[in-house]
Amino acid sequence: MSIDITWERGDSAASVSTVAELDATLDTISHAHTAHLPYCVTLVAPGGDDFPVMLDICIGHPERSIAYHVAADGSSAWGYQPDLKPGPTFTFDYAGTPTDAWPERTRLTNTTAREAARQFLATGGQRPRALAWETGLSR
């Protein structure tokens, strides 16, 4: 199973099929852009008919990340760690657009976001079990 990863305005992309390739790609993105805003990277799994099966995570913030998942049926949810308080508001690059991550969205560490990405790859796009998932939040 392989997934595609896109970042910046979508013109930067990679395909990965192993955890080692995923980690190396995320490391490269993170290290290459340390002078810029953190990046939102989109992981896309094959098989979504009407909706792309995807996971967005933030790469490059020193403490926190975000996670947003869209399933094949179009349902979506924000991921968080139940034992972690809301984090700082920060701005990240979402497809070339500066976007704010609000505290209720930054309730996960970079380590947990990376684990969610690994689980997304390993399960072919299923909602990662590394996080709890909240639907229906505004913003």
Side-chain angles (χ1 to χ4, degrees):
M1 162 74 55
S2 68
I3 61 171
D4 294 326
I5 303 173
T6 62
W7 64 99
E8 294 179 329
R9 293 185 183 268
D11 51 353
S12 295
S15 289
V16 300
S17 57
T18 68
V19 169
E21 291 172 345
L22 173 66
D23 286 340
T25 300
L26 296 177
D27 286 344
T28 298
I29 297 166
S30 180
H31 296 304
H33 304 290
T34 56
H36 303 284
L37 293 175
Y39 274 96
C40 179
V41 298
T42 301
L43 291 72
V44 181
D49 292 327
D50 293 332
F51 298 94
V53 177
M54 59 177 248
L55 177 70
D56 285 336
I57 63 171
C58 190
I59 300 294
H61 187 273
E63 300 170 18
R64 297 292 183 105
S65 187
I66 62 164
Y68 180 71
H69 183 266
V70 177
D73 65 2
S75 63
S76 62
W78 289 92
Y80 67 98
Q81 291 174 243
D83 60 337
L84 195 61
K85 293 184 185 209
T89 299
F90 64 87
T91 302
F92 62 94
D93 182 312
Y94 184 75
T97 303
T99 304
D100 290 332
W102 296 281
E104 65 270 17
R105 300 282 188 254
T106 63
R107 285 183 59 192
L108 68 150
T109 64
N110 292 317
T111 301
T112 303
R114 291 280 190 112
E115 181 56 30
R118 291 180 194 111
Q119 289 177 7
F120 182 84
L121 170 64
T123 63
Q126 293 181 16
R127 195 163 282 156
R129 294 184 327 264
L131 299 170
W133 294 93
E134 182 72 39
T135 59
L137 289 177
S138 60
R139 289 202 240 200

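When reading the values below, keep in mind they use all heavy atoms of this one structure, side chains included, and skip hydrogens, waters and symmetry mates.
Nearest heavy atoms, Val53 versus Gly125: CG1-O, 3.3 Å. Nearest heavy-atom pair across Trp7 and Ala14 is CZ3-N, 4.0 Å. Across all their heavy atoms, Ser17 and Ser2 have their closest contact at CB-CB, 3.8 Å. Residues Ile3 and Ala45 come closest through the heavy atom pair CG2-CA, 4.0 Å. Nearest heavy atom pair, residue Pro88 against residue Thr106, reads O-OG1, 3.3 Å. Closest approach of Ser76 to Val70, counting heavy atoms only: CB-CG2, 4.1 Å.
A distance of 8.5 Å separates CE of Met54 from CZ of Phe120, quoted to the nearest 0.5 Å. To the nearest 0.5 Å, atoms OG1 (Thr42) and CG (Asp4) are separated by 11.0 Å. Taking CD1 from Ile59 and CD1 from Ile29, the interatomic distance works out to 6.5 Å, rounded to the nearest 0.5 Å. Here CZ of Arg64 is found 14.5 Å from CZ of Arg105. Values are rounded to the nearest 0.5 Å. In this structure, CG in Leu26 is found 14.0 Å from OH in Tyr39, a value given to the nearest 0.5 Å.
Although no hydrogens or angles enter the test, the distance criterion places no donor-acceptor pair under 3.5 Å between the side chain of Trp78 and the main chain of Ile66. Checked by atom type and distance alone, the side chain of Ser65 never pairs as donor or acceptor with a backbone atom of Leu108 at under 3.5 Å.
Screening residues 112-127 for side-chain hydrogen bond (donor to acceptor under 3.5 Å, both in side chains) gives Asp23-Arg118, Asp27-Arg114, His69-Arg127, Gln81-Thr112, Thr109-Thr112, Glu115-Arg118, Glu115-Gln119 as the qualifying pairs, with residues at least two apart or on separate chains. Identified under the side-chain hydrogen bond (donor to acceptor under 3.5 Å, both in side chains) test for residues 84-99, with sequence neighbours left out: Thr91-Asp100.
For Arg107, the side chain to side chain contact (heavy atoms under 4.5 Å, CB included) test picks out Tyr80, Pro86, with sequence neighbours left out.
Ile57 and Leu84 fall into different hydrophobic clusters, defined by Ile, Leu, Val, Met, Phe, Trp and Tyr side-chain heavy atoms under 4.5 Å apart, directly or through other members.
Between Val41 and Thr25, every side-chain heavy-atom pair lies at or beyond the 4.5 Å cut-off. You'll find the side chain of Val16 reaches within 4.5 Å of the side chain of Ile5, heavy atoms only. The side-chain heavy atoms of Thr135 and Ser75, taken from C-beta on, include no pair separated by under 4.5 Å. Residues Cys58 and Phe90 meet the side-chain proximity criterion, which asks for heavy atoms closer than 4.5 Å.
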